[in-house]
There are 2 protein chains.
Amino acid sequence: MTAVVRRKPTVNAQKVAEKAGVSRSAVSRTFTDGASVSPETRDKVLRAAAALGYHVNHLARGLIRNESGIVCLIASGIGTPLQAAMLDGLTLALQDAGRIAMVLNCAGDPVSVEHALRMTLNYRAEASVILSGSPPASIVTTCLDNGQRLVLLNRSEQIEGVGTVSIDNEGAARDAAAMLARAGCRRIAVVSSTAGTASLVAREEAFIREATKLGLETLPHRAGPTSYASGAASARALLAGADRPDAAFCVTDLLALGFMDAARHDLGLRIPEAFSVVGFDDIEQAGWASYELTTFRQPVSELVSCIMGQIGSSTEGVGPVPSRLVKAEPIWRRSVRVSPALKDA
Amino acid sequence: MTAVVRRKPTVNAQKVAEKAGVSRSAVSRTFTDGASVSPETRDKVLRAAAALGYHVNHLARGLIRNESGIVCLIASGIGTPLQAAMLDGLTLALQDAGRIAMVLNCAGDPVSVEHALRMTLNYRAEASVILSGSPPASIVTTCLDNGQRLVLLNRSEQIEGVGTVSIDNEGAARDAAAMLARAGCRRIAVVSSTAGTASLVAREEAFIREATKLGLETLPHRAGPTSYASGAASARALLAGADRPDAAFCVTDLLALGFMDAARHDLGLRIPEAFSVVGFDDIEQAGWASYELTTFRQPVSELVSCIMGQIGSSTEGVGPVPSRLVKAEPIWRRSVRVSPALKDA
DNA sequence: TATCGATCTGCACAGCTGTGCAAAGATGAA
DNA sequence: TTCATCTTTGCACAGCTGTGCAGATCGATA
């Protein structure tokens, strides 16, 4: 006598119709925007639905309308301040737009991104936002063929039909180089990570190019993943010898904060008097009083609204969505020493 | 001549069956675990599916199986380090268990939690995890009636059929009081927030009760929401007068870090020599060299596996899931001065 | 009153899949 | 060869909803 799996009697539109004494169509129309129902039947239906605890089945609705209402967010390192802020903003914006967010936590490598996009297709998501990692080309075309919108964040490649929102890494990195040159720095550590993410590499290379052009010496260094610990390790490695650099450009605020802490507490350096640090992202912690990090802001809310624009209202066709380039404004705080020249002025 | 909305020809099991020269059932069985298909047809199907870019429609599958594979995570303040860490762990664990996470970003008030749970029912989620906020009782029973599993985090109320995972706030708060008493502190600021969250109130009250029992004086203070800024504001308010406290118990690490920064940089206090601070949560930043905050750890991975246990394998019935109480271990760092008594030993 | 128009309602089909049941095919044994 | 057993396959139904189309109801106007 095996235990019989007794499926709970689910409450569907049919039940509501019977209780309200109307047809099932009337129930459906009551919960469909812009459908034609008389106020009385509408009332009867709503009352019956509330009594039974009826909730429209979005799986079935998505099946017939071919609009699931689901938008997938594909990211890695969700626990990180910047990614968490992006997720916060995106989930909220999606809800305001009547969609719902599915979060796929991937490792960042192409295989896991492809896996995530497959899941995306399984759930017939209307759009997917890839916040980190880079998808193989084949799965991208499959997504587009299935009518899914795709938005990539901080990818340099332009793909036909794929929306792109990018930070102006090059411009900001050039500004950073100029900023440190004006402060009178000469030997500059360039602290990056071994992750090899496109935008991080872009920042590093653009900075080195501009700094070299300005006659500055650069010392690239990568201690590990993009983290506080890696920043601290870089500081200990770079500041140990006799001929130290006199400034550091860190491609990420997390790296910068770790770098600052190690420089101050392990090596006794005074920032900004004896050493200048510039970061990137403007995460919340960069503004904390222990750091007061001068950095470049990733304008989260602007990025979010750009992404929402790319996702669009799902009505228009495959119009070639213009890719957006967002400026990263410098945020002046107190981790860069004031230039002697400016002091005189 | 209006633009005809031409629905893209979707690729479904029927198309795959035709291309592979088999029946649609064979396609379905190929993608169903434990179904009976011969290796040859299976191969033909897989080849045809790959060629067409077929992906099983989980909406339809969920409709017929009554198992959507969706688990909803309801939270507010996703950008916060602790919540972000929880989301990171939960999304990963869910994916490993073959489910997928939907994230509902709510404001925390009962109305928005109810709204989120309604959405949960619309998508026929198998389970919902409420990470913050407190749902009205009526919607809870509706969820249970619809066969949805429900897990509450840090709720004191026991509801029949609802899983609960809680941190031992009281025990940890008592430990904190004893810790500060042993360090020789006498007047202790209790820094909390105006949020009124159950677990924060529990920490505050348990601490005050135990501290009073130990003969310590307590000065409760709430400057605003649970944030770095509120912690800093509390420090400025509490440390301005002449008869300062000599220690602070902050019900959250974010509050503690803000408190420390304001105490040090605005008021010139030395921590831990002249002032001791204890926090709660052990967010990543608490371990940074600028803070070295002594605190109590919310064991994220343990909480995650407890929650996963409550969600269960969805096979068994409404068995009364035992509620779990997780200990918050003290993490000794350097924000509490070493007791003169211990120094002698 | 008869006709027209507007508004609402119900029928029936489509959308995609999983699975029980019966039939067919394959395999082994007598 | 004949029978029995096991595996595989196809049919057809269920699961829940949105919507086009035709019919019904109602009010208003000539």
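Small disclaimer: the values here were computed from a predicted structure and weren't measured. Order of the sequence lines sets the chain letters (A, B, ...), proteins ahead of strands, with each chain counted from 1.
Counting any heavy atom pair closer than 4.0 Å across all strands shown, B:Ser36 reaches a base atom. A:Ser28 comes within 4.0 angstrom of a base, heavy atoms only. Contact annotation for A:Val37: backbone-only contact, meaning every heavy-atom pair under 4.0 Å involves sugar-phosphate atoms and none involves a base. Within 4.0 Å (heavy atoms only), B:Tyr54 reaches sugar-phosphate atoms of the nucleic acid but no base atom.
Among D:dG15, D:dG18, C:dC8, the nucleotide with an atom closest to any side-chain atom of A:Val56 is D:dG18. The side chain of B:Ala60 sits closest to C:dC16 out of C:dT9, D:dT9, C:dC16. Comparing D:dT17, D:dG10, C:dT19 against the side chain of B:Thr32 picks out C:dT19 as the nearest.
The nearest whole Å value for the distance from the CZ atom in A:Arg65 to the P atom in D:dG20 is 11 Å. In this structure, B:Asn66 places its CG atom 16 Å from P of D:dA14, rounding to the nearest Å. What separates CZ of B:Arg24 from C1' of D:dA12 is a distance of 10 Å, to the nearest Å. What separates CD of B:Glu40 from C1' of D:dT9 is a distance of 13 Å, to the nearest Å. The CZ-C1' distance, from A:Arg29 to C:dT7, rounds to 12 Å in whole Å. In this structure, CD1 of A:Ile64 is placed 17 Å from P of D:dG15, rounded to the nearest angstrom. D:dT8 atom P lies 11 Å from atom CZ of B:Arg42, rounded to whole Å. A:Gln14 places its CD atom 10 Å from the P atom of D:dT17, with the value rounded to the nearest Å.
Contact annotation: the side chain of B:Arg124 never approaches that of B:Glu67 to less than 4.5 Å [non-hydrogen atoms, C-beta and beyond]. For the pair B:Val129 and B:Leu131, the minimum side-chain heavy-atom distance is below 4.5 Å. Side-chain atoms of A:Cys72 and A:Glu126, non-hydrogen and from C-beta on, never get closer than 4.5 Å to each other.
A donor N or O paired with an acceptor N or O is not found under 3.5 Å between the base of C:dG15 and the side-chain atoms of A:Arg124.
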**Report entry** From CA spacing to verdict: side-chain contact (heavy atoms from CB on, under 4.5 Å), A:Asn57, B:Asn122
**Finding:** CA-CA 5 Å; A:Asn57 189 332; B:Asn122 283 327; over 6 Å; no

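Under 4.0 angstrom from either OP1 or OP2 of D:dT7 there lies no side-chain N or O belonging to B:Ser38. Here A:Asn12 reaches the OP1 or OP2 of D:dC16: one of its side-chain N or O atoms lies under 4.0 Å away.
Residues A:Thr120 and A:Gln148 have side chains that never bring a donor and an acceptor to within less than 3.5 angstrom of each other.
If B:Ser25 and B:Arg61 are placed on DNA chain D by their nearest nucleotide, the residue sitting closer to the 5' end is B:Ser25.
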